[in-house]
Amino acid sequence: MTVARFWRKIPQRYNLIGTMCQTCKRHFFPPRTFCPDCRREGRIVDHKFIGKGTVVTFTIIQTAPDQFASHGPYVLAIIKLDEGPQMTSQVVCDPSEAKIGMRVKSIFRRIATDGESGIIHYGTKFAPE
Amino acid sequence: MRDVAVIGVGCTTFGEKWHSSFRDLFVEAGALALEDAQLSGEKIDAMYVGNMSAGRFIEQEHIGALIADYAGMATRHIPSTRVEAACASGGLAFRQAVIAVASGMEDIVVAAGVEKMTDVEPGATTDALAGAADREWEGFVGATFPGLYAMIARDYMHKYSMTREQLAQVAVKNHYNGARNPIAQYQQEITIETVLKSTMVADPLRLFDCSPITDGAAAVILAPFERAREFTDTPIRVLATAQASDSIALHDRRDISTLDATVAAGKRAFKMAKLTHKEINMVEVHDCFSIAEICAIEDLGFCKKGTAGKFTADGETAIGGKIPVNTSGGLKACGHPVGATGIKQVCEIVQQLRGEAGKRQIDGAKTGMTHNVGGTGATVAVHILGRI
Ligand SMILES: [Zn+2]
């Protein structure tokens, strides 16, 4: 991922800044700039998520892409945030501890490294609450 | 709208084809389809080509023109269009070709699919495939394709009582069929132990739950049904074409282990064909992973949600069962050259309906369905074909 492409989403990736539709109060993370329910009547504003949620489903990635290979096996999960939306993220825990329904909270971590001399990407992961 | 017929099919063998280039592959498939239809190339009015990622796999874009050129059509200037919907590119190319003929705009149309995946390092192939999901919010955080389908599998196994052995039976059955298909990448039978002892890729999915990386191409030729008998004694009628979309990311789905786009496209197809499930004799579904076949046969309505594991273990999806699934060997054993898969599915159904499927023939088959998925279910194409 290029520097510009990563930099553009820093508030969202670092601080879980998503959006909310003021018309219907639906929250969006990953952020959306168009409400699928209210459509043109939707009024979208930024919204900082508290960063707490529940594991909906997960896997343990054993065969990792190159930029994640140094991590060893890692837990990847779909997390339902307490505000409603679901997102995909890594959960930092012993893989044997991971389970559906587990409560998790957001933490700031290194996500990936683009090649040996590439930039290091940071962002949000989760850990058991 | 006019009725549309398939008048010719052609498919290369599938596998790691070191000696064949992207161009060699589609020229071979196209020539086989033309020969099958006993048609000369000058009769072709238009082409639609399914291809997911030639830009990443062979650093070539502008595939429509390239294919028309190397198929010997450059001086005839026919319209040639590339269609992209990740792993559903082939299914959508077929649908575009059907629509072109049905509308009356074109008469003789080629629908093809091609993918050359082994000219880059495996890591680069995996990364290109990850582009079928949400790069910003899935790929960025470390989601791989097996990882996403593994999360579907875990959600499914949490909700319903499918055993790991029942899930493995999908791959065992597809390898059995693949062993009877001369174009298949893997033509050897396996056992449940083969699956359960294979390398863990993304828990609970193991290597033998995953479709392989494959080179291959397939092509079919369409004509208005009323003209089909000029070319063949066994025209196969296109009874339905349907397509549906859903959220690009798995986390935004209504239910993680239901592909709502499959449900929607399936319903539309049955309605268009005016057929019931009992009237479908076989189905080629998109088993990019074993769990995908389980979800597909339920979401298409061939068995109740949560029962496909037992249905499979009981042999109901095998040749001779209630609804044979993936007689070609599916993506798992026949191989999965992503852009070509949707067209290969049509080739398999056409061969079955003509009674030309050899050792894997379904006796007296009159109708068949294809189901082609892009990504984790963001695009689905469903077609019904019949010898009616
Ligand atoms: Zn709204």
Side-chain angles (χ1 to χ4, degrees), chain A residues 1 5-6 8-9 12-13 18 28-32 36 53 55-81 84-92 95-96 98-101 109-115 121-126, chain B residues 120-131 133-160 198-207 209-210 213 245-258 289 291 376:
Chain A
M1 197 170 276
R5 188 173 175 190
F6 178 73
R8 196 181 298 134
K9 296 286 183 204
Q12 291 87 345
R13 294 195 197 288
F28 300 105
F29 198 94
R32 288 178 187 263
V55 170
V56 173
T57 182
F58 69 95
T59 178
I60 301 148
I61 306 277
Q62 299 280 354
T63 308
D66 293 344
Q67 63 273 35
F68 297 93
S70 62
H71 298 208
Y74 55 89
V75 177
L76 183 83
I78 291 178
I79 291 152
K80 186 174 176 60
L81 297 170
Q86 297 188 159
M87 64 180 289
T88 302
S89 184
Q90 289 184 34
V91 177
V92 182
S96 64
K99 61 175 194 288
I100 290 174
R109 284 288 185 281
R110 188 177 72 171
I111 302 286
T113 312
D114 261 357
H121 297 311
Y122 290 90
T124 300
K125 290 187 184 178
F126 285 77
Chain B
V120 287
E121 296 296 317
T125 312
T126 312
D127 191 61
L129 293 174
D134 186 338
R135 177 74 69 181
E136 296 268 4
W137 301 107
E138 293 182 314
F140 175 81
V141 298
T144 59
F145 246 83
L148 293 168
Y149 274 93
M151 290 200 288
I152 295 177
R154 188 176 306 276
D155 181 69
Y156 185 98
M157 293 168 92
H158 182 70
K159 288 174 179 157
Y160 313 108
S198 63
T199 313
M200 187 68 87
V201 176
D203 192 13
L205 298 183
R206 294 176 177 272
L207 188 63
D209 289 299
C210 310
I213 287 167
S245 59
D246 201 346
S247 67
I248 188 83
L250 180 63
H251 53 232
D252 280 328
R253 302 285 163 73
R254 178 188 62 80
D255 178 55
I256 299 298
S257 48
T258 302
F289 298 92
I291 184 64
T376 54

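Note: hydrogens, waters and symmetry copies are ignored here, and every other heavy atom, side chains too, is used.
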Considering only heavy atoms from C-beta outward, does the side chain of A/P30 approach that of B/H251 to under 4.5 Å?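 Sidechains of B/H251 and A/P30: in contact.
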
Can you find a heavy atom in the side chain of B/I291 that is under 4.5 Å from one in the side chain of B/D209?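 Of all side-chain heavy-atom pairs linking B/D209 with B/I291, none is under 4.5 Å.
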
[X] versus chain B, the contacting section by heavy-atom distance below 4.5 Å:
X: A/I111; answer: side chain
X: A/F68; answer: side chain
X: A/R109; answer: neither
X: A/I61; answer: both

Under the side chain to side chain contact (heavy atoms under 4.5 Å, CB included) rule, collect the residues that match up with B/S247, sequence neighbours excluded.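 By the side chain to side chain contact (heavy atoms under 4.5 Å, CB included) rule, B/S247 matches B/D252, B/R253.
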
Looking at B/D203, is its backbone amide N or carbonyl O close enough to the side chain of A/T59 to form a donor-acceptor pair, meaning the two atoms are under 3.5 Å apart?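 Here the side-chain-to-backbone pair exists.
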
Tell me if a side-chain donor or acceptor on A/T57 pairs with a main-chain N or O of B/M151 at a distance below 3.5 Å.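 Indeed, once roles are kept as given, a pair shorter than 3.5 Å links the two residues.
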
Partner chain A: residue of B/A153, B/G123, B/A249, B/G142 with the largest heavy-atom pair count (under 4.5 Å):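 Maximum pair count with chain A is reached by B/G142.
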
Out of A/R5, A/R13, A/K9, A/K125, return the one with the most heavy atom pairs under 4.5 angstrom to chain B.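 Heavy-atom pairs under 4.5 Å are most numerous for A/R13.
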
Given that the side chain runs from C-beta out, which part of B/D127 has a heavy atom under 4.5 Å from chain A: side chain, backbone, both or neither?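 Contact with chain A: side chain only.
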
For the pair B/W137 and A/F29, name the ring-plane relationship: parallel under 30°, tilted 30 to 60°, perpendicular over 60°.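 Answer is perpendicular, since the angle exceeds 60°.
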
